Trainee: 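Submitted below is the structure of interest, expressed as structure tokens.
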Amino acid sequence: MSRVSVPCHVKGTVALQVGDVRTSQGRPGVLVIDVTFPSVAPFELQEIMFKNYYTAFLSIRVRQHTSTHTPAKWVTCLRDYCLMPDPHSEEGAQEYVSLFKHQMLCDMARVLELRLILRQPSPLWLSFTVEELQIYQQGPKSPSMTFPKWLSHPVSCEQPAPLIEGLPDPSRVSSEVQQMWALTEMIRASHTSTRIGRFDVDGCYDLNLLSYT
């Protein structure tokens, strides 16, 4: 499945002061980034790719077109997705992240607008955001490839020409393998057949199986 980049406009970041992440410098703990698609009709979102910059948790909301008579509504399709496993360290920071539609909690069709909610609960990293944001939609489907039919009994036109004299007939290989398996199971199940040509426990030949002239 191919993907096509969607032209978008990233609005200015809005900082929110939330809860216990208030610091002496008055730095925010939550950032909101709105993304609009002014020149694109409602589309099916396929992938969101960006570079994480010390953001610990990400939530995504989308505004979707429902119908002509109903106003578009906002839905939360991703809630508190962990971008940094440990917000008190640099693990997961400054790494590229790809989020696909199957990771979302709702259908990503008919998207009109996108909202990213970034949250950093640790006051250790006061600067956090996402960079190089790219939005992709589903592109045209790739043409299906036709594969040859590999069957146990191919038709005459699909049978390979023998390269060397004496090659086995492909149509008989399956049945002969089954016969070999059945013979092996019969010998394994027969107690006397497995003792042919062997010594018994006492070190003597089995007189029932061997005859002397």
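These numbers were taken from a predicted model, which means no experiment stands behind them.
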Trainee: Donor-acceptor check, side chain of N52 to backbone of G92, threshold 3.5 angstrom: yes or no?
Mentor: yes
Trainee: Looking only at heavy atoms, what is the nearest atom pair of L105 and R79, with distance?
Mentor: CD1-N, 4.4 Å
Trainee: Quick one: ring pair (Phe, Tyr, Trp, His ring centres under 6.0 Å) partners of Y54, sequence neighbours excluded?
Mentor: W125
Trainee: First locate atom CD of Q64, then atom CG of L114, and finally report the distance between them rounded to the nearest 0.5 Å.
Mentor: 10.5 Å
Trainee: Hey, what do you get for CG (L78) to CG (L58), rounding to the nearest 0.5 Å?
Mentor: 6.0 Å
Trainee: If the condition is salt bridge (charged side-chain N to carboxylate O under 4.0 Å, His left out), which residues does D34 pass it with, not counting sequence neighbours?
Mentor: R115
Trainee: Just how far is it from atom SG of C8 to atom CD of E113, taken to the nearest 0.5 Å?
Mentor: 11.5 Å
Trainee: Tell me whether V111 is reachable from V75 by hopping between hydrophobic residues (I, L, V, M, F, W, Y) whose side-chain heavy atoms are closer than 4.5 Å.
Mentor: yes
Trainee: Would you say I33 and Y136 are hydrophobically clustered, going by side-chain heavy atoms of ILVMFWY under 4.5 Å?
Mentor: no
Trainee: Can you give me every donor-acceptor pair (side chain of residues 128-135, partner residue at least two apart or in another chain, under 3.5 Å) with its distance?
Mentor:
residue: E132; atom: OE1; partner: Y96; partner atom: OH; Å: 2.8
residue: E132; atom: OE2; partner: Y96; partner atom: OH; Å: 3.3

Trainee: Measure across F37 and P7 and return the closest heavy-atom pair with its distance rounded to 0.1 Å.
Mentor: CD2-O, 3.7 Å
Trainee: Between W74 and L116, is there shared hydrophobic-cluster membership here, with clusters defined by ILVMFWY side-chain heavy atoms closer than 4.5 Å?
Mentor: no
Trainee: Nearest 0.5 Å, what's the CZ-CD distance between R3 and Q46?
Mentor: 9.5 Å
Trainee: Using the rule that Ile, Leu, Val, Met, Phe, Trp and Tyr join whenever any side-chain heavy atoms are under 4.5 Å apart, tell me whether V14 and I117 fall into a single cluster.
Mentor: yes
Trainee: Please determine whether residues L45 and V97 belong to a single hydrophobic cluster, defined as Ile, Leu, Val, Met, Phe, Trp and Tyr linked transitively by side-chain heavy-atom distances below 4.5 Å.
Mentor: yes
Trainee: What distance do E44 atom CD and M108 atom CE have between them, rounded to the nearest 0.5 Å?
Mentor: 9.0 Å
Trainee: Closest approach of S98 and Q103, non-hydrogen atoms and distance?
Mentor: O-OE1, 3.7 Å
Trainee: Going by heavy atoms in the side chains, are Y53 and Q94 under 4.5 Å from each other?
Mentor: yes
Trainee: Which heavy atom of S89 sits nearest to which heavy atom of M84, and what is that distance?
Mentor: O-CE, 2.9 Å
Trainee: Which atoms form the tightest heavy-atom contact between F57 and C82, and what is the distance?
Mentor: CD2-CA, 3.9 Å
Trainee: Determine the minimum heavy-atom distance between L99 and M104, stating which atoms define it.
Mentor: CB-CE, 4.0 Å
Trainee: Is the backbone N or O of L112 less than 3.5 Å from a side-chain atom of R63, with the two atoms forming a donor-acceptor pair by type?
Mentor: no
Trainee: Carefully, step by step, assess L83 and F50 under the rule side-chain contact (heavy atoms from CB on, under 4.5 Å).
Mentor: CA-CA 11 Å; L83 297 177; F50 55 87; 4.0 Å; yes
Trainee: Using only atom types and a distance under 3.5 Å, with no angle test, would you say the side chain of S59 pairs donor to acceptor with the backbone of D80?
Mentor: yes
